[in-house]
Engineer: 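Let me give you the structure first, and then I'll get to my questions.
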Amino acid sequence: MSSVPTEILEMLGQTMAKVVPVTIALALLFSVLSHFWACNLGAPWWRKRELVTDISYWFLVPLFARVFRIALLVLVAALLFNIGDADDLIAFYDDGHGPLSVAPLWLQAALFLVLADFMMYWLHRMFHGGGVCKYHAIHHSSEDGDWISAARFHPVNLLLGTIGVDVVLLTAGISPNVMLWLGPINIFHSAFVHANLNWDLGPLRYVIATPVFHRWHHTAPNVGGNTNFTGTFPNWDILFRTFRMPENRLPGHYGIDDQASFPGGIGGQLAYPFRK
Ligand SMILES: [Zn+2]
Ligand SMILES: [Zn+2]
């Protein structure tokens, strides 16, 4: 019989076994693409400032997200549905529940993608309301944004973002099996929009978030940074009038206002919102 620490170790091992090959593939892909189509000239991603910080987030965030997603799902099932037994818990979440779980899996995946993107749009706007919130400032603190900066998020930002949204939709009944498709798509797409690429995908810029679209979001507010909040489908930004893609120009400078006093290491960054 396996104990809880053994199970946690196994889970960490499984997560790492997925993350390592994906990381190598993305590193190779974006090294080649940004060699030919860089948005901003300069050192390649592996010589960027705070690389160790970004790599630390890259490997820690999937572990954190997995553990907290499961913990929150257990908590919500206990509080809202009075489910405490392990077998009942598995039966409840395993293949979804209620009317949503009856729909074909592709439809559930599409629904998950669109609803999650809509909720994330508003949560992201909330984090930018009245200046960039300290928890979200960590994501904006990289001055050399690249694919490896995609995971630079404070845990509170993750809980009130992707983890919270996942828990809401899985609790609503969508099958967690949608993650088999959406998980890899989301990892690739979030690395893609942060990559140092000058791609705006022409007319598709209105359909799907691109590197140029998201790099504008990482610029200072007076240059256009308080725009392009959407993660996947820019239609939310178009609909709510926050879309910004200047013609014949590329975003150039990234970071936050108090860059000079902002900690560069992951420890200092995690403590940053609680400091002042
Ligand atoms: Zn932001
Ligand atoms: Zn970003």
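Just follow the structure's listing: the first ligand is 1, and inside any ligand the first atom is 1. Start at 1 with the first residue, then count along the sequence. Every value quoted in this text rests on a predicted model; they were computed, and no experiment measured them.
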Engineer: Considering the options F188, W58, F192, W46, which one meets the ring pair (Phe, Tyr, Trp, His ring centres under 6.0 Å) requirement together with W147?
Structural biologist: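 Passing option: W58.
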Engineer: Between NE2 of H124 and NE2 of H128, what angle is found at the Zn ion (ligand 1), rounded to 10 degrees?
Structural biologist: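 Nearest ten degrees: 100°.
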Engineer: Between R49 and D144 (salt bridge meaning N to carboxylate O under 4.0 Å), is one present in this structure?
Structural biologist: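 Counted as a salt bridge, because a side-chain N and a carboxylate O are separated by less than 4.0 Å.
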Engineer: How wide is the angle at the Zn ion (ligand 2) spanned by H214 NE2 and H194 NE2, rounded to 10 degrees?
Structural biologist: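 The angle at the Zn ion (ligand 2) comes to 90°, rounded to the nearest 10°.
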Engineer: For the ring pair Y57 and F153, is the centre-to-centre distance below 6.0 Å?
Structural biologist: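 No: the rings miss the under 6.0 Å criterion.
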Engineer: Does the shortest distance from the Zn ion (ligand 2) to an N/O/S atom of H218 fall below 2.8 Å?
Structural biologist: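 Checking H218: at least one N, O or S atom is under 2.8 Å.
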Engineer: Between E50 and R152, is there a side-chain N and carboxylate O pair less than 4.0 Å apart?
Structural biologist: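 Between R152 and E50 there is a salt bridge, with a charged N closer than 4.0 Å to a carboxylate O.
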Engineer: From H217, does some N, O or S atom reach closer than 2.8 Å to the Zn ion (ligand 2)?
Structural biologist: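 Given the 2.8 Å cut-off, H217 does not count as a ligand of the Zn ion (ligand 2).
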Engineer: Regarding R244 and D237, does a basic nitrogen lie under 4.0 Å from an acidic carboxylate oxygen?
Structural biologist: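 Answer for the salt bridge query: no.
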Engineer: What is the name of the N/O/S atom in H136 that sits closest to the Zn ion (ligand 1)?
Structural biologist: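 In H136, the heteroatom (N, O or S) nearest the Zn ion (ligand 1) is NE2.
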